[in-house]
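First up is the structure itself, then whatever we jot down about it.
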Amino acid sequence: MARNENRDNREERDSEFIDRLVHINRVAKVVKGGRRFGFAALVVIGDQRGRVGFGHGKAREVPEAIRKATESAKRKMIQVPLREGRTLHHDISGRHGAGRVQLRAAPAGTGIIAGGPMRAVFEVLGVQDVVAKSIGSSNPYNMIHATFDALLKQGSPRLVAARRGKKVSDLVSRRRDDAQSDAEVETAN
């Protein structure tokens with residue numbers, strides 16, 4: 001009885017996640033009878049509320065590779081702070097190998113302006129407004145790693161205030177004051 005309840009709870013928890021298949025790679029091994037094919041899958045998974053993870057799985061069959069990648073992604077999930085639940089708190093860049101990405105916060109209504117693998121990450125993360133650019137390698141593995149590198153560097157005002165020993169209101173009001181002073185400088189010129 002308890003085993004069935006655990007399975008139901010696990011299925012309920014798994015159903016809250018959305019997964020996207022980013023890339024499938026087919027490789028062939030030549031053997032005496034012909035070719036043996038193997039498949040590698042890259043999957044991104046998230047709950048559209050700030051949690052996201054990616055995984056890689058290899059198998060002889062495509063569905064098995066996808067299942068392995070999904071399990072791997074669930075084990076490696078991270079929490080990303082979002083501003084107003086729709087965009088990033090600040091502009092950031094990340095890199096992995098030859099892949100470099102730049103992520104920029106965007107005003108409401110912008111949408112997801114990102115290509116390929118990065119778009120899948122933002123969709124499952126729950127970001128609605130972001131502008132992202134991939135510079136360098138277009139390899140999906142490098143792009144995903146670089147995107148996660150950037151997302152790990154993302155900080156919310158609450159985290160920054162705690163690290164500095166200040167109040168959140170001091171930091172947020174300072175951001176508004178800086179924007180106003182920048183506007184005053186622009187009008188003076």
Side-chain angles (χ1 to χ4, degrees), residues 12-24 41-57 66-164 168-169 171-176 178-179 182:
E12 215 172 272
R13 193 172 59 239
D14 292 349
S15 66
E16 74 186 50
F17 294 123
I18 296 169
D19 57 344
R20 293 270 189 278
L21 177 64
V22 176
H23 185 72
I24 289 189
L42 179 62
V43 172
V44 178
I45 189 167
D47 65 354
Q48 292 191 321
R49 290 191 302 269
R51 287 181 59 202
V52 67
F54 72 97
H56 175 68
I66 292 171
R67 186 191 64 74
K68 286 181 178 180
T70 305
E71 291 299 317
S72 174
K74 286 179 186 172
R75 286 192 300 269
K76 296 191 280 188
M77 292 193 80
I78 62 170
Q79 181 73 38
V80 179
L82 299 177
R83 186 186 340 155
E84 300 166 8
R86 61 165 191 81
T87 189
L88 304 174
H89 282 285
H90 53 85
D91 300 352
I92 195 111
S93 62
R95 66 179 304 141
H96 182 267
R100 289 187 13 230
V101 296
Q102 290 184 338
L103 314 179
R104 303 192 67 181
T110 303
I112 299 174
I113 301 175
M118 285 192 294
R119 174 176 284 277
V121 172
F122 295 130
E123 285 174 354
V124 300
L125 180 60
V127 172
Q128 297 162 4
D129 304 304
V130 69
V131 177
K133 179 71 180 161
S134 170
I135 304 161
S137 174
S138 61
N139 179 335
Y141 291 93
N142 285 349
M143 285 175 68
I144 293 284
H145 276 282
T147 304
F148 271 78
D149 179 50
L151 292 174
L152 283 169
K153 295 176 189 174
Q154 188 68 220
S156 69
R158 184 180 295 147
L159 294 172
V160 174
R163 191 169 51 232
R164 290 189 190 174
V168 176
S169 58
L171 296 178
V172 175
S173 65
R174 190 175 297 153
R175 184 184 340 171
R176 288 191 190 120
D178 289 345
D182 289 344

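Side chains included, hydrogens not; waters and symmetry mates left out as well; all remaining heavy atoms used. Each residue takes its place number in the sequence, starting with 1.
Taking every heavy atom of both residues into account, V22 and P140 meet most closely at CG1-CB, 4.4 Å. A132 approaches A114 most closely through the heavy-atom pair CB-CB, 3.8 Å. When every heavy atom of A98 is checked against every heavy atom of N142, the shortest pair comes out as N-ND2, 4.2 Å. Summarising the geometry of D47 relative to G50, their closest heavy-atom pair is OD1-N, 3.5 Å, with the distance given to 0.1 Å. Closest non-hydrogen pair, A150 versus L103, comes out as CB-CD1, 3.7 Å. Between A73 and G55, the closest heavy-atom pair is CB-N, 3.5 Å.
The local environment of CZ in R86 is crowded, with over 12 non-hydrogen atoms from other residues, nucleotides or ligands closer than 6.0 Å. Within a 6.0 Å radius of NZ in K76, more than 12 heavy atoms belonging to other residues, nucleotides or ligands are found.
Results of the side-chain contact (heavy atoms from CB on, under 4.5 Å) test with Q154 over L159, I78, I92, L82 single out I92 as the only residue that passes.
Proximity of a side-chain donor or acceptor of D129 to a complementary backbone N or O of G111 within less than 3.5 Å is detected. In this structure a side-chain-to-backbone donor-acceptor pair under 3.5 Å is missing from T147 to M118. Without hydrogens or angle criteria, D149 side chain to R95 main chain gives a donor-acceptor distance under 3.5 Å. Remark: the backbone N or O of H89 is paired with a side-chain donor or acceptor of R83 at under 3.5 angstrom. In this structure a side-chain-to-backbone donor-acceptor pair under 3.5 Å is missing from H96 to I144. A side-chain donor-acceptor contact under 3.5 Å links T70 to the backbone of I66. Under the 3.5 Å distance criterion, the side-chain polar atoms of R119 are matched with a main-chain donor or acceptor of I112. Proximity of a side-chain donor or acceptor of D91 to a complementary backbone N or O of A105 within less than 3.5 Å is detected.
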Item checked: Trace of the side chain to side chain contact (heavy atoms under 4.5 Å, CB included) decision for H23 with Y141 -> CA-CA 9 Å; H23 185 72; Y141 291 93; 4.1 Å; yes
Checklist line | Steps toward side chain to side chain contact (heavy atoms under 4.5 Å, CB included) verdict (L151, V121) | finding: CA-CA 10 Å; L151 292 174; V121 172; 3.9 Å; yes
Notebook entry, point to check: Would R49 and E16 satisfy side chain to side chain contact (heavy atoms under 4.5 Å, CB included), going step by step from the backbone distance to the final call?
Noted result: CA-CA 10 Å; R49 290 191 302 269; E16 74 186 50; 4.1 Å; yes
Note to self: What verdict does the ring pair (Phe, Tyr, Trp, His ring centres under 6.0 Å) test give for F54 and H145, after you've listed the backbone C-alpha separation in whole Å, the side-chain angles of each residue and the deciding distance to 0.1 Å?
What the structure shows: CA-CA 9 Å; F54 72 97; H145 276 282; 4.8 Å; yes
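Atom-to-atom distance recorded for F122:CZ and I113:CD1 is 11.5 Å, nearest 0.5 angstrom. Atom NE2 of H90 and atom CZ of R104 lie 13.5 Å apart (nearest 0.5 Å). Taken to the nearest 0.5 Å, the CE atom of M143 stands 8.0 Å off from the OG atom of S137.
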